[in-house]
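Report on the structure given below.
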Number of protein chains: 2
Amino acid sequence: MITQTEENYLKAIYKIAEKEKKSVGTNAISAQMKTTAASVTDMIKRLSEKGLVNYQKYKGVNLTPVGNKHATNLIRKHRLWEVFLVDKLNFRWEQVHEIAEQMEHIDSDNLITRLDAFLGHPRFDPHGDPIPNAEGKFTLRVQNLLSDISPNRKVNVLGVKEHDSPFLEYLNSLKIALGTTLEILEIVPFDKSMKIRINDSQETIISNKVAQTLLVR
Amino acid sequence: MITQTEENYLKAIYKIAEKEKKSVGTNAISAQMKTTAASVTDMIKRLSEKGLVNYQKYKGVNLTPVGNKHATNLIRKHRLWEVFLVDKLNFRWEQVHEIAEQMEHIDSDNLITRLDAFLGHPRFDPHGDPIPNAEGKFTLRVQNLLSDISPNRKVNVLGVKEHDSPFLEYLNSLKIALGTTLEILEIVPFDKSMKIRINDSQETIISNKVAQTLLVR
DNA sequence: TTTCTTTTTTAGGTTAATCTAAAAATTTAT
DNA sequence: ATAAATTTTTAGATTAACCTAAAAAAGAAA
Ligand SMILES: [Mn+2]
Ligand SMILES: [Mn+2]
Ligand SMILES: [Mn+2]
Ligand SMILES: [Mn+2]
């Protein structure tokens with residue numbers, strides 16, 4: 001039996017390990033989970049007892065194969081529920097993350113198998129994130145950060161790296177969504193801000209920080 | 001903030017109060033919740049602190065209006081999710097209760113409003129139980145126990161009073177579902193068992209205990 | 001290679017939710 | 001009305017998940 005709290009820790013560890021390939025430190029986890037380092041040490045011991053992480057004092061943790069499987073399954077459930085909320089219940093992309101945070105803990109393999117079929121086996125969620133299959137394998141895709149694209153090129157928005165509601169609402173206000181076409185008109189050398197044309201109509205300037213959160217091709 | 005455990009207690013108290021109109025005793029709750037009487041006393045104090053139940057030592061509890069609203073809302077969520085599982089994900093009626101026990105705790109009014117619309121504002125769940133509206137009002141309906149119907153009458157199955165999976169599977173094996181027509185052919189005086197014809201075809205004998213769990217009109 | 005800084009762990013404590021065993025109150029039976 | 005049976009509460013523990021403050025280890029800088 002894995003508790004909801006333990007599941008949240010596993011997901012946090014997975015997400016940190018995703019970017020920093022080395023072993024995951026106590027402080028990084030406490031930041032992600034918004035708890036104290038002391039609480040993390042407690043929990044790490046419990047996860048280690050249960051065989052979900054490998055742990056050596058002062059050396060940080062790594063997910064075991066079992067822990068990794070569990071973490072990817074949580075991500076699978078989270079993203080499938082997000083698709084459900086957007087495709088079937090007409091939520092907008094900035095509204096679904098919080099609800100999916102709760103739904104991902106529902107425990108029923110049968111439910112997820114059926115949900116996946118009901119949704120037509122989606123491969124990406126409403127933020128463009130890949131949905132791992134039942135074995136935990138992710139679909140790979142050619143994608144770049146908008147910030148790495150050179151001027152005078154036209155690209156399509158595939159995803160966003162930030163699920164934060166205010167950020168997504170800002171994109172809404174710019175009429176940027178998944179599938180939107182962006183043409184890079186100009187890059188200001190000083191701060192790397194970009195002048196872009198959105199869907200062949202309005203022109204705007206976006207900061208480099210924003211360009212770094214947009215995945216395109 | 002109401003915890004999942006507190007929610008489960010509220011629902012238990014509601015269900016007990018539904019049949020026995022007087023105040024709900026500690027033992028009745030401990031039986032329903034499968035805990036000890038001592039644990040119930042602890043929890044009752046907490047619920048009372050939070051204004052969800054009225055409590056006097058040794059006198060049992062009653063839901064306050066706030067507690068009652070919360071309980072009916074849980075039942076609303078539980079039953080709506082059951083409809084979703086059966087109508088949209090093609091689960092059978094004996095498979096959904098356990099999953100709905102988990103889903104009923106998802107906290108989002110917006111979600112439930114949209115789910116209700118997505119399902120076409122259903123008024124009854126897959127077991128024939130009424131779904132309270134957002135204000136907690138139940139649809140009333142003319143219905144009787146099959147055990148109270150006299151011979152030579154034809155009735156329709158409206159609901160079942162037992163959600164237990166083995167019992168529902170037994171009904172499946174008899175080809176009895178919601179909407180099924182039953183004709184009472186004969187009642188054995190000794191044990192009140194009934195000879196019935198199901199959907200104008202097979203004849204069977206069912207015990208009085210079974211006849212007492214079937215709601216018909 | 002000391003010394004300073006940061007990270008991590010330990011020590012000790014809290015709250016929610018549970019338990020068993022024993023005491024107290026209430027209800028039922030004689 | 002007293003005794004017996006039942007119900008309910010209290011007392012005292014346990015476990016998960018958290019916290020603060022202090023100690024210890026590891027890493028970086030002087
Ligand atoms: Mn999300
Ligand atoms: Mn997402
Ligand atoms: Mn149910
Ligand atoms: Mn039901």
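Each chain gets a letter, A, B and so on, in the order the sequences are listed, and its residues count up from 1.
- B/Gln4 comes within 4.0 angstrom of nothing in the nucleic acid, heavy atoms only.
- Side-chain N/O atoms of B/Lys57 include none lying less than 4.0 angstrom from OP1 or OP2 on C/dA24.
- A/Asn27 has no side-chain polar atom (N or O) that falls below the 4.0 Å cut-off from OP1 or OP2 of C/dT6.
- The aromatic ring centres of A/His97 and A/His127 sit 6.0 Å or more apart.
- Both A/Tyr9 and B/Val40 sit near DNA chain D, but only B/Val40 has its closest nucleotide nearer the 5' end.
- Taking the side chain as every heavy atom from C-beta outward, B/Lys161 and B/Leu215 approach each other to under 4.5 Å.
- Atom-to-atom, CD of A/Glu7 to P of D/dA17 comes out at 11 Å; the value is rounded to the nearest Å.
- Separating the NZ atom of B/Lys34 from the C1' atom of C/dA17 is a distance of 18 Å, rounded to the nearest angstrom.
- In this structure, B/Tyr55 places its OH atom 7 Å from C1' of D/dT9, rounding to the nearest Å.
- Distance, B/Asp42 CG to D/dA11 C1': 11 Å, rounded to whole Å.
- Under a cut-off of 6.0 angstrom, the local environment of NZ in A/Lys50 is crowded, with over 12 non-hydrogen atoms contributed by other residues, nucleotides or ligands.
- Between the CD atom of B/Glu20 and the C1' atom of D/dT7 there is a distance of 15 Å, given to the nearest Å.
- Nucleic acid contact for A/Thr26: sugar-phosphate only, since backbone atoms but no base atoms lie under 4.0 Å from a heavy atom of the residue.
- Atom-to-atom, CD of B/Glu6 to C1' of C/dA17 comes out at 10 Å; the value is rounded to the nearest Å.
- Here A/Thr35 lies in heavy-atom contact (under 4.0 Å) with sugar-phosphate atoms only.
- Distance, B/Ile29 CD1 to D/dT7 C1': 13 Å, rounded to whole Å.
- Between B/Lys50 atom NZ and C/dA16 atom P the separation is 8 Å, expressed in whole Å.
- Taking the side chain of A/Thr5 as heavy atoms from C-beta on, and the options D/dC18, C/dT18, C/dT10, the nearest nucleotide is D/dC18.
- Note on A/Gly60: nothing from the nucleic acid sits closer than 4.0 angstrom, heavy atoms only.
- A salt bridge does not link B/Lys137 with B/Glu135: none of the charged nitrogens is closer than 4.0 Å to a carboxylate oxygen.
- Note on A/Thr36: a base of the nucleic acid sits closer than 4.0 angstrom, heavy atoms only.
- Between B/Thr3 and C/dA17 there is a side-chain N or O to OP1 or OP2 distance below 4.0 Å.
- Of the options A/Glu104, A/Gln102, A/His105, a side chain to side chain donor-acceptor pair (under 3.5 Å) to A/His78 is made by A/Glu104 and by none of the others.
- B/Lys59 comes within 4.0 angstrom of no nucleic acid atom, judged by non-hydrogen atoms across all strands.
- Taking the six-membered ring wherever Trp is involved, the centroid distance between the rings of A/Phe84 and A/Phe91 does not fall below 6.0 Å.
- With DNA chain D read from its 5' end, the first of the two nearest nucleotides for A/Ala37 and A/Tyr58 is the one closest to A/Ala37.
- The nearest heavy atom of DNA chain C to B/Ala38 and to B/Met43 marks one nucleotide each, and the one closer to the 5' end goes with B/Met43.
- Among the protein residues, B/Ser39 comes within range of the nucleic acid bases, having at least one heavy atom under 4.0 Å from a base atom.
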